[in-house]
Each structure stands twice: as structure tokens, then as C-alpha cells.
Amino acid sequence: MDETDSLFQQRRKKLEDIAALGYDAYPRKFDFTHTIPQILADFGHRSAEELEAHRIAVRIAGRMMTVRPHGKAGFAHLAGGGAKLQVYIRLDAVGERDFALYKLLDLGDVIGVDGYLFRTRTGELTVHAEHVHFLAKALLPLPEKWHGLTDVEIRYRQRYVDLMVNPEVRVVFERRSKIVRAIRQFLDAEGYLEVETPMMQPLAGGAMARPFVTHHNTLDIDLFLRIAPELYLKRLTVGGLDRVYEINRNFRNEGISTQHNPEFTMLEFYQAYADYHDMMALTERLLQHVALEVLGSLEFDYVDERISFAEFHRYTMREALVKFWPPLAGTGPKLENLAEPRAVFHWVDEFNKAVGYETAKPNPLLGYDVVAPTEGGEKQIELPSGTSPGEALQILFERVAERHLIQPTFIYEFPLEVSPLAKQKPDDPNYVERFELFVGGMEIANAFSELNDPKEQRNRFLYQQLLRDKGDLTAHAIDGDYIRALSYGLPPTGGEGIGIDRLTMLLTGSRSIRDVILFPLLRPEKPAQ
RNA sequence: GGGCCGGUAGCUCAAUGGCAGAGCACUGCCCUUUUAAGGCAGGGGUUCUGGGUUCGAGUCCCAGCCGGCUCACCA
């Protein structure tokens with residue numbers, strides 16, 4: 001903002017002139033009779049004759065978005081409540097003083113108008129002004145009225161301007177609010193209790209991620225912003241809160257992308273006496289409820305895809321690998337080829353042979369098929385030394401299958417090594433009772449039968465500690481009190497996390513997580529000179 | 001962090017290495033049913049920053065800052 005800017009100075013002068021006319025430059029309140037959406041809903045269908053025969057007096061407020069002066073009269077559109085309504089201001093109707101005020105108004109000013117409804121010659125519902133009230137001045141000019149504001153940086157930094165001039169932005173955040181409301185509605189009806197657990201934790205547990213660190217002065221201790229509420233919520237289940245959920249922020253000190261913001265909103269819920277199959281069924285019902293409440297339909301468009309919540313697909317992680325194996329990388333594994341855990345390394349090599357190359361084409365000079373490296377193509381999978389078979393399987397799965405999971409798909413049976421808090425399958429201890437839900441190529445949910453054996457949990461933590469010692473900063477820390485809590489007996493429990501931001505992306509057709517977060521994290525602006 | 005692309009008036013965008021422009025917004029005048037209102041006249045620029053090449057740089061080169069996309073990491 002540049003207060004020396006001539007437009008700013010000009011408008012400040014006009015504000016002084018408005019005050020000189022006897023208007024309060026910053027009045028305290030304004031009693032309106034209708035919001036603009038109310039007027040459109042209540043009177044939007046009345047004909048010109050009806051409005052003339054039966055005059056409706058209204059008093060409205062809004063931000064002036066357009067203005068069309070005509071000498072001693074003028075039209076303007078006021079925006080409010082996500083809608084717009086035209087007002088007609090003429091000298092002989094509002095008087096000299098209000099008309100002088102109108103002449104001093106700029107686009108962006110907030111005004112009140114009272115008058116009566118009528119239809120113009122072109123048929124537009126309009127308020128015929130009898131009084132104009134000054135409510136607030138826009139000292140800074142609005143973006144261009146036709147193209148609006150497109151500079152994404154300014155849109156995120158100055159969301160207030162974005163919201164003023166890009167109506168679809170408001171729709172996204174109204175819908176986000178509806179989504180969260182529908183989730184609460186559903187879980188409350190299922191007998192869940194909404195709780196709040198610490199955002200500042202002495203140990204950042206419940207997920208694999210690098211945390212943010214902060215410091216409490218009086219206690220003189222470092223604290224971590226939570227990466228997940230998981231371990232606290234399960235402590236509550238130990239305590240007898242059999243169905244709990246929390247919708248709140250998680251913080252992860254990781255990269256920023258179209259799918260990642262350092263702080264993001266997560267729903268986590270835990271249900272005693274349930275396993276991961278129950279959670280799958282619950283997830284289907286929850287998402288169907290949300291879609292119907294918010295969209296009125298189980299189907300919606302996301303980017304270029306038509307997505308349906310009517311049916312949820314199910315594959316084990318290994319089945320997905322087999323099914324979605326890229327043809328370019330050979331015939332790929334069969335299910336029995338993946339039975340032995342270490343076999344996955346062979347298939348990572350097979351995958352890598354094909355990555356980053358164009359489709360093979362017969363080359364007449366050489367007499368055999370060649371593949372050419374693609375420019376800026378994807379990279380090969382590089383496994384750090386010491387990568388476990390389970391980690392390799394998950395990495396390979398993500399590279400091979402994730403992009404294909406457009407329709408809602410549960411991927412279940414995760415490797416033990418990447419799941420320190422999930423219960424093993426009774427018939428195969430290398431895998432756990434865990435699933436993730438993918439929609440639109442994004443991971444939306446993560447759930448499992450909660451590991452409730454304190455001895456096994458300690459061993460899992462010790463394995464994580466080994467990873468930490470080897471330099472894996474995302475490996476889970478040992479949480480002694482959590483093991484103590486489990487030692488009091490955690491009922492068999494199913495638990496799940498759903499990313500609210502990503503769910504909102506799906507249901508609003510947003511390509512970037514920044515479009516569903518009002519103030520996404522950006523590098524701070526340079527201080528003004 | 002790597003790769004690619006971008007940054008010009010308040011906003012949206014132009015400008016072969018040769019006088020920095022248009023539309024909207026703004027100012028003045030005209031206009032009492034317009035709607036991207038209209039007509040006439042006008043004001044407004046550290047071309048992201050700093051170097052360099054050149055007679056001459058918005059344009060070419062180098063470095064930096066900021067942003068977007070993408071890859072990696074992650075949810």
C-alpha cells in the first residue's frame with residue numbers, strides 16, 4: 001500500500017468532502033431491512049406491475065461494485081452476501097445532499113440505500129433510492145471490473161480483495177463450511193463426541209512427519225506443534241470415550257505443494273469395538289452423507305473427471321500394484337510374485353527401467369525398438385540404502401498406482417514397517433489392518449485397526465527409534481505415556497483420519513490446496529519501505 | 001532443494017535492441033431507466049532489484065528477490 005499514491009490521496013480528499021457534507025466518515029451501524037440475497041429470494045420473481053401496484057420499501061447495505069452515471073442520475077450495483085443488486089439514484093428522488101454524496105463515491109465504497117423496489121426498462125430488479133447512506137470508504141482502488149484479480153500471489157496475500165471481486169471464491173469457502181458441518185452432523189448422529197486435544201505437544205506423535213518446534217518460556221521447555229491428534233484421541237478411548245472425533249489443525253514441517261500446506265485441517269475419529277473393515281463401511285456412509293448434504297448428489301466433476309461416491313473400489317496394495325503396472329515396464333508382477341517381501345526390490349528395478357522414457361518405437365536403422373528419454377520426465381525410484389521391503393512396496397505403489405485412483409478406492413493391507421500404530425493381520429504379520437482412501441489421485445483418508453498391545457507397541461516404537469538413529473527425522477518418537485495408557489487396556493478400536501482440505505478440493509473442483517485455505521502460508525512480504 | 005515459466009500504470013495486458021502503449025479504473029465537462037452505459041478532453045511509469053554488453057536495454061547476458069507449475073518429500 002502506498003499512501004502517497006495519487007489515487008489514495010484523491011480518495012482521502014473525497015472522504016473529507018463527504019464529511020464536509022455532514023456525513024460521518026466512519027459511522028457506527030446501519031439497520032437494514034433485508035440482505036441482498038433475501039431481496040433476490042423474496043422479490044426476484046415479482047413483475048414490474050406487481051412491484052408498482054404494491055410498493056416494497058427496503059433498506060440495504062453493500063459494497064459498490066459498478067457505477068453508471070447519467071448526469072443527474074445513475075445506476076450502481078451493490079454487492080453483499082455473495083449477491084448483487086442494482087440501485088438507481090436520481091437527484092430529484094434523493095435530494096441535493098445525497099446526490100452530492102453519490103458524486104463523491106468510488107467503486108469499492110460501502111453504502112446503504114433505502115427506497116423501494118422496481119424494475120427498469122430492461123427488467124432488472126432495482127432499488128429506487130430515496131436516501132443514500134455513507135458507510136465506509138475504499139481508499140484503495142478495486143481491481144479491474146471485467147478481468148478481476150488474477151494474480152495468484154495477490155489473491156492469496158490479500159484474500160479480502162479476492163473475496164470482493166471473485167464471487168466463486170466465496171462459494172468455495174461457503175461449501176467448505178458446509179462440508180465440515182455435514183461431517184459433524186453425521187458423526188454426532190453416530191454417537192461420537194467431539195473433543196479437542198493438545199496442539200502443543202512435548203512429543204510430536206501419531207504420524208510420520210517433521211514437526212515445528214516452539215518454546216514455552218515459564219516451563220522453559222520446547223514443545224512441538226502437533227503433527228496428529230492420534231495418540232491423545234486413543235488415550236481418550238482408553239478412558240472410556242468410545243467414540244471421539246476432532247476436527248482441527250495439524251502442522252507438518254514439510255514441503256509446500258498443490259496438495260500440501262504446512263498447516264492443514266484433519267478429521268480424526270476413533271470407534272471402540274470396531275476394526276478397519278467397519279471404518280471402511282463408515283467412511284463410505286460418511287462421504288456419501290457429505291456429498292448429498294453439500295452437493296445434493298453422489299456424483300461430481302473434479303478437474304477432468306466425473307467422480308461418483310456411489311461405489312467404492314477395494315484393492316490390497318499388492319493387488320493395485322499388479323492391476324496398475326505400467327505396460328511400458330513389462331508384464332509386471334503377479335500377486336504370487338509379491339508374496340515374498342523382498343521380491344519388491346526386483347519390481348522397483350523393473351519399474352525404473354521404463355521410467356522417463358517415451359513409448360518404444362521401431363527404429364528402421366537399428367532394426368529394433370528403442371525408447372527415448374522424455375524431457376523433464378519423471379525420475380526413477382531411488383531407494384536409500386537400508387530401505388525396508390515394506391517401505392519399498394509403499395513407494396512403488398505410490399508411483400505405480402496412485403495416479404490411477406480417480407474413483408474412490410480403498411487400498412488396504414499396508415506393510416508393517418510403514419505402519420507403527422496399526423494392528424497386524426492375524427494370518428500375515430508382515431502386513432497390517434490398514435487402508436487409505438484415494439479419490440481423484442489424492443490420498444483422502446488413512447485408517448486402521450489400532451494396535452492395542454502395549455508390548456508390541458513398544459517394539460514398534462523401538463523399531464522407529466532405530467530409523468531415527470539412522471537419521472530419519474520423520475520416524476516416530478517413543479511415547480512412554482502412550483504405552484502406559486495402552487497398558488490399562490485399549491478396547492479393540494478402529495481409527496481414521498480424513499484430510500478436510502483435500503476433501504474440500506474434491507467437492508469444490510479446486511486444483512490447489514491453496515484455493516481451499518483462506519490464508520495459505522506464503523513467504524512474508526518484504527517490509528514496506 | 002532441482003527443472004521449466006513468469007514479474008511493464010491501481011487492475012488486465014501490449015511493445016524487431018530505437019520516443020513505454022491500450023482497455024478498465026482515476027480527473028474535468030455533457031448526459032434522469034443504464035448495465036463491460038456512452039461522448040469529448042486529460043493525468044498517471046524506479047518496466048521486480050543490482051550489475052554487465054551496447055551509440056542506445058522493457059527487450060540481450062550475469063546475479064539476486066518474489067511468484068506459479070512441476071519433480072523430490074509428505075497427507
Side-chain angles (χ1 to χ4, degrees), chain A residues 1-2 5-11 13-14 48 65-77 84 86-94 99 106-108 118-124 126 128 138-157 161 165 207-210 227-228 250-268 355-356 375-382 384 394-395 398-399 402 436-438 442-446 472-474 497-503 505 511-514 522-526 529:
Chain A
M1 186 176 82
D2 182 5
D5 182 87
S6 65
L7 288 178
F8 190 95
Q9 295 293 359
Q10 231 170 58
R11 289 177 174 218
K13 170 71 167 60
K14 286 194 203 175
M65 302 306 288
T66 61
V67 62
R68 292 172 294 281
H70 292 263
K72 293 181 177 60
F75 289 93
H77 270 109
K84 284 180 186 170
Q86 182 169 258
V87 297
Y88 179 52
I89 296 166
R90 42 191 287 177
L91 174 61
D92 56 9
V94 300
F99 201 76
D106 287 297
L107 296 187
F118 77 111
R119 283 195 186 275
T120 62
R121 272 178 207 159
T122 54
E124 181 166 348
T126 303
H128 199 294
L139 295 170
L140 291 168
L142 252 38
E144 203 238 13
K145 66 182 175 190
W146 191 240
H147 298 94
L149 182 65
T150 58
D151 183 314
V152 285
E153 183 181 353
I154 300 176
R155 287 190 46 219
Y156 297 144
R157 284 195 196 283
V161 178
V165 300
M208 316 266 261
R210 297 174 64 178
I227 56 174
N250 288 348
F251 306 86
R252 298 190 185 174
N253 209 337
E254 311 273 358
I256 296 174
S257 79
T258 47
Q259 288 180 42
H260 300 85
N261 194 59
E263 55 177 312
F264 63 101
T265 302
M266 184 86 126
L267 161 69
E268 281 203 18
V355 177
E375 236 172 283
E378 51 183 326
K379 292 173 185 166
Q380 300 204 329
I381 297 174
E382 287 175 40
Q394 187 178 30
I395 290 166
E398 283 168 359
R399 286 293 292 279
E402 200 171 300
E436 288 185 350
L437 172 66
F438 292 85
M442 289 188 291
E443 184 189 331
I444 297 299
N446 179 21
D472 182 354
L473 295 170
T474 70
I498 294 181
I500 298 299
D501 310 275
R502 288 184 182 174
L503 180 59
M505 286 170 69
R511 287 166 181 269
S512 170
I513 198 168
R514 293 179 160 190
L522 302 175
R523 195 181 294 274
E525 277 181 284
K526 273 185 280 190
Q529 290 77 359

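Chain letters run A, B, ... following the sequence lines, proteins first and then strands; every chain starts at 1.
Dashed line: the shortest gap from a side-chain N or O of A/R68 to OP1 or OP2 of B/A36 is not under 4.0 Å. Contact between the side-chain N/O atoms of A/T258 and the OP1/OP2 oxygens of B/U70 is found at a separation under 4.0 Å. Applying the 4.0 Å criterion to OP1 and OP2 of B/U12, one finds that A/T150 has a side-chain N or O inside that range. The shortest distance between the side-chain N/O atoms of A/R157 and the OP1/OP2 oxygens of B/G67 is below 4.0 Å. Phosphate proximity of B/A75 to A/R502: absent, as no side-chain N or O sits under 4.0 Å from OP1 or OP2. The side chain of A/R210 contributes no N or O atom lying less than 4.0 Å from OP1 or OP2 of B/C73.
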Produce the list of close N/O pairs, under 3.5 Å, pairing protein atoms with atoms of nucleotides 39-43 of chain B; give distances to one decimal.
none

Could you go over nucleotides 28-32 of chain B and give all protein N or O partners under 3.5 Å, atom names and distances?
from, atom 1, to, atom 2, distance (Å)
B/C31, N3, A/G71, N, 3.0
B/C31, N4, A/G71, N, 3.4
B/U32, OP2, A/K72, N, 3.2
B/U32, O2, A/R90, NE, 2.6
B/U32, O2, A/R90, NH1, 3.4
B/U32, O2, A/R90, NH2, 2.8
B/U32, N3, A/D92, OD2, 3.1

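One interatomic measurement links the two molecules: CD1 of A/I513 to P of B/A75, which rounds to 13 Å at whole-angstrom precision. In this structure, CD of A/E398 is placed 8 Å from P of B/A75, rounded to the nearest angstrom.
Partner assigned to B/A72 is none, using Watson-Crick or G-U wobble distances below 3.5 angstrom. As the counterpart of B/A57, no nucleotide is assigned, since no Watson-Crick or G-U wobble pattern has both distances under 3.5 Å. Nucleotide B/C40 has B/G28 as its partner under the Watson-Crick or G-U criteria, with both atom distances under 3.5 Å.
Note on A/K84: nothing from the nucleic acid sits closer than 4.0 angstrom, heavy atoms only.
For A/K13, the salt bridge (Lys or Arg N to Asp or Glu O under 4.0 Å) criterion is met by A/D17, not counting sequence neighbours. Remark: A/R119 engages no residue in a salt bridge (Lys or Arg N to Asp or Glu O under 4.0 Å) (not counting sequence neighbours). Every side chain to side chain contact (heavy atoms under 4.5 Å, CB included) that A/T258 has, sequence neighbours left out, goes to A/S512. Under the salt bridge (Lys or Arg N to Asp or Glu O under 4.0 Å) criterion, A/E144 pairs with no residue at all, not counting sequence neighbours.
The shortest non-hydrogen separation linking A/L107 to A/A138 is O-CB, 4.1 Å.
At a cut-off of 3.5 angstrom, counting only N and O atoms as typed in the model, there is a donor on one side and an acceptor on the other between the side-chain of A/Q86 and the base of B/U34.
In this structure, A/W146 does not count as stacked on the base of B/G23 under the 5.5 Å centre distance and 30° plane angle limits.
Ring planes of A/Y88 and A/F118: tilted class, angle from 30 to 60°.
Of the residues near RNA chain B, A/T120 and A/P143, the one whose nearest nucleotide (by heavy atom distance) lies more toward the 5' end is A/P143.
Around atom CZ of A/R157, more than 12 heavy atoms belonging to other residues, nucleotides or ligands sit under 6.0 Å away.
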